Peer 1: 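So that we are looking at the same thing, I have put the structure below in structure tokens.
Below, read A as the first sequence line, B as the second, and so on, with proteins coming before strands; counting in each chain starts at 1. Note that the structure is predicted; figures quoted are calculated from it, not measured.
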Amino acid sequence: MYLAMHMSDGLVNAPTAAAFGVVAVVGMAVCLAKARADLDDRTAPMAGLVAAFVFAVQMLNFPILPGASGHLLGGALVAILVGPWVGALCIAIVLVVQSLLFADGGVTALGTNITNMALIAVFTGYGVALALRRFALRGKGGLTATAFLAAFLGTIAAALGFVVQYAIGGQGLALGYTLALMLGLHALIGIGEGVITALTVGAVAAARPDLVHLLRGAQRPLELRRPEGSAA
Amino acid sequence: MSGPATTPGSGRRTARFFAGFLLVALLAAGLLSYLASPEPDGLDTVAQRGCEVTEVDGVERLTGECIAQHGTEHPFAAGPLAGYSVGGDERLTGAAGVLGVLVTLAGAGALFWLLGRRPAGRPRD
């Protein structure tokens, strides 16, 4: 049996696939333009490694229910480690490699898959992480909790992205049932996504907090003690 | 957590960290992948809802009414690495995974290196 993890061709009709192809191309063009500012001697190789890491961990399907599994999407993970613009490009590259080389995820479905995982999951995850940034800067507990929540909600948002695309141009199952099933299963997958994201971000932050995009600009990343004289 | 020992700047320290990160990815794709659940993922589970999946000579057939029924075969389904196998041999998933990690690293690394370059003579900001 093929290991298949993403939408295949034909799940939504051609106009829908084409429309989300345009969304994906425009989104990636914006990311390409914005990513420059986030890339330098150290963050460029880091981003390459983050993409390779996401490819690897996406292969590791974990059981969620009898007969069903889930795997990392990686949206919040890349957003926290390398920022949303570079991170979205990381996920898109992974999806292109998976589709063209491993026949995982359709070719005409790249638009919908990139929209859901490289745009929706990444930017939802980043939005959540940014909203909780002050909490994340307080210490390892705050950072891992932020990573977990960002990953969980990013996964749910990506699942909703599929439901929207299915509502526009899909057929085969009642829409309400599709929505309920997608949300239920991805709430479970989101827990796994959250655990993997929290563990990975925690490990990178412990070794090299300066390489965690979300912590950048903080005076002293993850320093628990406040500078003398500052009010608590 | 970030004492003087973790101050950025040491190129060798950064290289060591990157090497460790790559090693983790290679181990995940090359070895841990054998422990991955073979069950369909969340999306596939939903897509196959309503259908019966039967396998005839290694080819999956769907009977009934479901989302996946409308899916078409992947244009590269016969490719050498299709389905994270090597030439259809799933015992070599680890090798396919390692190759995927290296290809992704090369592609992403090249793109980000190009994007991160600054014109000569202009200081990085």
Peer 1: Are the side chain of S69(A) and the backbone N or O of E39(B) linked by a donor-acceptor pair below 3.5 Å?
Peer 2: yes

Peer 1: Taking the six-membered ring for Trp, are F102(A) and Y84(B) parallel (under 30°), tilted (30 to 60°) or perpendicular (over 60°)?
Peer 2: parallel

Peer 1: Which pair of heavy atoms, one from L185(A) and one from G42(B), lies closest together, and at what distance?
Peer 2: CD1-O, 3.6 Å

Peer 1: Tell me whether H74(B) contacts the main-chain N or O of G105(A) through its side chain, where contact means a donor paired with an acceptor under 3.5 Å.
Peer 2: yes

Peer 1: Measure distances from V86(A) to the heavy atoms of chain B and classify the residue's part below 4.5 Å as side chain, backbone, both or neither.
Peer 2: both

Peer 1: Evaluate whether atom CD of E73(B) has more than 12 neighbouring non-hydrogen atoms of other residues, nucleotides or ligands under 6.0 angstrom away.
Peer 2: no

Peer 1: Hey, could you give me the CZ/CG distance between F55(A) and L102(B), rounded to the nearest 0.5 Å?
Peer 2: 9.5 Å

Peer 1: Compare every heavy atom of A51(A) with every heavy atom of A108(B), then report the nearest pair and how far apart it is.
Peer 2: CB-CB, 3.7 Å

Peer 1: Please report the closest heavy-atom contact between V46(B) and L181(A), naming both atoms and the distance.
Peer 2: CG2-CB, 3.9 Å

Peer 1: If you compare all heavy atoms of I67(B) against all heavy atoms of L11(A), which two are closest, and at what distance to 0.1 Å?
Peer 2: O-CD2, 3.6 Å

Peer 1: Please find the pair of heavy atoms, one from T72(B) and one from G10(A), that lie closest to each other, and give the distance.
Peer 2: OG1-N, 4.2 Å

Peer 1: F18(B) versus chain A, heavy atoms under 4.5 Å apart: side chain, backbone, both or neither?
Peer 2: both

Peer 1: Of the non-hydrogen atoms in G116(B) and L39(A), which two are nearest, and what is the gap between them?
Peer 2: CA-CB, 3.8 Å

Peer 1: Step by step, would you call R208(A) with T14(B) a side chain to side chain contact (heavy atoms under 4.5 Å, CB included)?
Peer 2: CA-CA 9 Å; R208(A) 292 299 298 266; T14(B) 302; 3.0 Å; yes

